[in-house]
Amino acid sequence: MSKILVGLKRVVDYNVRVRVKPDGTGVVTDGVKMSINPFDEIALEEALRIKEKGLASEIIVVSIGPADAQQQLRTGLAMGADRAILVQSDSTLEPLAAARVFLKLIEKESPQIVLLGKQGIDDDNNQTGQMLAALWQRPQATFASKVELDGGKARVTREVDAGLETIEIDLPAVITTDLRLNEPRYVKLPDIMKAKKKPLDTVSLAELGVDTSTQFKTLKYEPPAPRQKGVMVKDVAELVAALKQKGLV
Amino acid sequence: MVKVLIVAEHSGGQLNPATAKCVACAAQIQDAQIDVAVFAADAGAVAQQAAALQGVKRVLKVENPANAEPLAAVLAPQVAALANEYTHVFGPSTTFGKDLMPRVAALLGVGQLSDIMAVESAYKFRRPVYAGNAIITVEAVPDKKLVATVRAASFQAAPQGGNASIESPSVAAELPTHTRFVSRSAAATGRPDLQTASRVVSGGRALGSAENFKLIYSLADKLGAAVGASRAAVDAGYAPNDLQVGQTGKIIAPELYIAVGISGAIQHLTGIKDARTIVAINKDAEAPIFEVADIGLVGDLFTILPELEKAL
Ligand SMILES: Cc1cc2nc3c(=O)[nH]c(=O)nc-3n(C[C@H](O)[C@H](O)[C@H](O)COP(=O)(O)OP(=O)(O)OC[C@H]3O[C@@H](n4cnc5c(N)ncnc54)[C@H](O)[C@@H]3O)c2cc1C
Ligand SMILES: Nc1ncnc2c1ncn2[C@@H]1O[C@H](COP(=O)(O)O)[C@@H](O)[C@H]1O
């Protein structure tokens with residue numbers, strides 16, 4: 001039976017109010033809570049449901065990042081993944097390089113489905129899955145809100161600007177998740193204990209031999225321009241007056 | 001010399017306004033030559049609309065029955081084939097462009113710059129990260145093709161009045177059959193389009209039901225506004241997914257945005273930070289939405305909305 005590969009990116013938790021460092025070299029990450037990218041949690045949940053339906057045999061979670069990304073992989077194992085691979089890299093990879101890493105792992109593991117998030121909530125790139133599908137020369141179904149497997153095919157409903165779109169793709173393929181695909185399960189304490197015994201392999205980026213050359217350089221980080229302080233009105237009449245004054249109604 | 005190829009987005013024979021924003025973005029690069037490519041089964045009407053945009057030199061029509069629906073896997077090899085003679089390839093940062101452009105980039109063996117919000121030079125741009133909590137200035141190496149998506153809300157549409165030539169180049173690309181279009185369900189609302197409307201009324205979790213959400217539609221109709229929603233309202237089924245505003249929904253820049261019963265989570269605010277005037281109606285005076293609101297009113301939406309509608 002088939003394997004599913006799931007990407008778990010370690011990112012600043014979505015509840016953290018991210019602040020730019022005063023010297024503009026990045027954002028403050030010291031002492032900040034790190035988590036699995038929310039879209040990746042949804043990807044893993046979907047993989048687990050597919051396996052629970054008997055449509056997959058093994059789920060492998062993958063993170064490309066620093067040694068600390070083991071925490072996120074352990075959480076993934078506690079949610080129910082079978083094994084984990086950490087591709088250790090101390091510098092951040094551009095999405096094209098991340099896609100090349102996934103392609104290497106695909107060559108080794110031959111998964112039927114690669115489930116990634118639609119975007120990392122740190123860089124907001126929204127690229128890796130599409131790039132991987134191109135390099136792999138396989139279909140992509142991005143922004144998925146529903147996945148139905150049918151033998152060697154999948155029917156995927158996608159959240160698009162106009163509403164919902166359904167496409168049919170041949171497997172193997174890359175699927176990227178949108179928010180409404182599912183609601184990820186909570187991890188239970190006994191599962192955390194069990195997860196400690198599950199295999200977690202570490203490979204170095206160099207071992208994989210991927211091209212990690214960069215095309216982009218971030219010159220500086222700035223906080224967004226602040227909005228002007230607004231006014232509070234006390235009732236509807238004042239609200240309408242304020243709107244009229246601005247010429248808005 | 002900078003030559004920009006822009007991939008047009010369209011549906012139902014209409015050019016999507018995001019394309020004119022991409023043209024405006026490209027036109028900010030000094031001495032850029034701008035061409036627009038239209039992929040369709042029948043590209044005639046859309047090509048004409050693209051040719052009428054100021055700043056466009058040529059419109060390239062690529063007509064093929066396989067291009068009837070915008071499938072990234074089918075379009076990407078064709079865009080890549082056309083991209084040869086260009087230094088830059090741009091698409092809109094809509095679900096169409098987000099799906100397609102990274103696939104094009106990877107076929108060309110290059111990376112992508114997502115969500116351009118400002119142009120500093122041909123290879124230097126600004127873009128938001130961390131849901132807009134930081135703006136970064138990024139420089140790309142000049143010896144690689146630059147594939148990018150353009151954040152439509154950051155640019156004024158290129159004006160009409162252009163007169164580009166329309167050509168039909170032949171495109172040699174093998175098209176995959178592993179991806180097939182099945183269906184699309186778009187609610188035809190008769191209301192203004194959320195992404196381009198000058199006024200938007202949005203509702204949040206506080207509405208409590210799809211039935212109550214009609215209060216939002218009703219106020220919107222009175223104002224001739226489009227309707228938006230928070231993620232919580234969409235998740236709860238009060239409003240359809242295409243109305244979601246925010247980091248993972250639509251990024252909009254209306255003249256007037258009225259947020260009703262929306263707390264103002266970071267992920268929501270990133271979608272409205274370019275709105276000219278933000279009005280917030282919320283019963284909690286401490287709600288973060290008031291930190292960005294130009295006009296705030298603390299109170300119960302169920303009494304305020306009917307009053308407001310009557311007063312307008
Ligand atoms: C990865 C990720 C991506 C996300 N992307 C988005 C996105 O794109 N867009 C988005 O919106 N969210 C997004 N979210 C969710 C976001 O974090 C918030 O959960 C969501 O925006 C909350 O919606 P809300 O303001 O409607 O609900 P709540 O936060 O529950 O706020 C409801 C508000 O209504 C007020 N209220 C209640 N009753 C009344 C009343 N009778 N009258 C007046 N006011 C009342 C309350 O005071 C409260 O402030 C994302 C989250 C994650 C993790
Ligand atoms: N370093 C990484 N480790 C694991 N998964 C990743 C990594 N980078 C990207 N991905 C996957 O690709 C998706 C899209 O990321 P991005 O293109 O950076 O927005 C993420 O949601 C992950 O599933």
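The sequence lines fix the lettering, A, B, ..., with proteins before strands; numbering per chain opens at 1. All heavy atoms count here, side chains included; hydrogens, waters and symmetry mates do not.
In this structure, the portion of B:K124 lying under 4.5 Å from any heavy atom of chain A is its side chain and not its backbone. At a 4.5 Å heavy-atom cutoff, the contact between A:V240 and chain B is made by side-chain atoms alone. Looking at B:A140, both its backbone and its side chain come within 4.5 Å of chain A, counting heavy atoms on both sides. Heavy atoms closer than 4.5 Å to chain A are found in the side chain of B:E291, but not in its backbone. Neither the backbone nor the side chain of B:Y123 comes within less than 4.5 Å of any heavy atom in chain A. The part of A:K246 that comes within reach of chain B is its side chain, from C-beta onward, which places non-hydrogen atoms under 4.5 angstrom from that chain. Within the 4.5 angstrom heavy-atom criterion, atoms from both the backbone and the side chain of B:V110 approach chain A. Heavy atoms of A:S145 lying under 4.5 Å from chain B are absent altogether. For chain A, the nearby part of B:R126 is the side chain; its heavy atoms alone come within less than 4.5 Å. Neither the backbone nor the side chain of B:D143 comes within contact range of chain A; no heavy atoms are under 4.5 Å apart. Within the 4.5 angstrom heavy-atom criterion, only side-chain atoms of B:L312, from C-beta onward, approach chain A. Neither the backbone nor the side chain of B:K222 comes within less than 4.5 Å of any heavy atom of chain A. For A:P224, the parts lying near chain B are the backbone and the side chain together; criterion is any non-hydrogen pair under 4.5 Å. Contact annotation for B:A311: both backbone and side-chain heavy atoms come within less than 4.5 Å of a heavy atom of chain A. With a 4.5 Å cut-off on non-hydrogen atoms, B:L71 touches chain A through its side chain but not through its backbone. Only the side chain of B:L223 comes within less than 4.5 Å of a heavy atom of chain A; its backbone N, CA, C and O stay farther away. The contact between A:F143 and chain B is made entirely by side chain atoms (from C-beta outward), counting heavy-atom distances below 4.5 Å. Both the backbone and the side chain of A:Q215 come within contact range of chain B, each with at least one heavy atom under 4.5 Å from a heavy atom of that chain. The part of B:I266 that comes within reach of chain A is its side chain, from C-beta onward, which places non-hydrogen atoms under 4.5 angstrom from that chain. Only the side chain of B:K250 comes within less than 4.5 Å of a heavy atom in chain A; its backbone stays farther off.
No more than 12 heavy atoms of other residues, nucleotides or ligands shown are found within 6.0 angstrom of NZ on A:K244.
A:V114 is not listed as a side-chain neighbour of A:I175, based on a closest heavy-atom distance of 4.5 Å or more. Taking the side chain as every heavy atom from C-beta outward, A:F39 and A:L179 approach each other to under 4.5 Å. Between A:N125 and B:R127, the closest side-chain pair of non-hydrogen atoms falls below 4.5 Å. The shortest distance between side-chain heavy atoms of B:T277 and A:L248 falls below 4.5 Å.
Ranked by heavy-atom pairs under 4.5 Å with chain B, the first of A:L164, A:L96, A:T142 is A:L164. Contact tally against chain A (heavy-atom pairs below 4.5 Å) for B:T179, B:N241, B:D294: the top residue is B:N241. When each of A:I169, A:V16, A:T176, A:D178 is scored by its heavy-atom pairs under 4.5 Å with chain B, the top score falls to A:I169. Chain B forms the most heavy-atom pairs under 4.5 Å with one residue out of A:V27, A:D211, A:V18, A:T218, and that residue is A:V18.
The backbone N or O of B:A131 lies less than 3.5 Å from a partner atom in the side chain of B:T270, making a donor-acceptor pair. In this structure a side-chain-to-backbone donor-acceptor pair under 3.5 Å is present from A:N37 to A:Q119.
A salt bridge (charged side-chain N to carboxylate O under 4.0 Å, His left out) with A:E165 holds for exactly one of A:K146, A:R158, A:R155; it is A:R158. Between A:R185 and the options A:E46, A:E45, A:E41, a salt bridge (charged side-chain N to carboxylate O under 4.0 Å, His left out) holds for only A:E45.
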**Request:** Check the pair B:R103 / A:Q127 against side chain to side chain donor-acceptor pair (under 3.5 Å), numbers first and verdict last.
**Result:** CA-CA 8 Å; B:R103 190 162 181 122; A:Q127 300 175 8; over 6 Å; no
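Within residues 226-239 of chain A, the residues approaching chain B closer than 4.5 Å by heavy atoms are, in numerical order, A:R227, A:Q228, A:G230, A:V231, A:M232, A:V233, A:K234, A:D235, A:V236, A:L239. Among the residues in residues 105-113 of chain A, none has a non-hydrogen atom closer than 4.5 angstrom to a non-hydrogen atom of chain B.
Nearest heavy-atom pair, B:P70 versus B:R184, reported as atom, atom and distance to 0.1 Å: CD-NH2, 3.7 Å.
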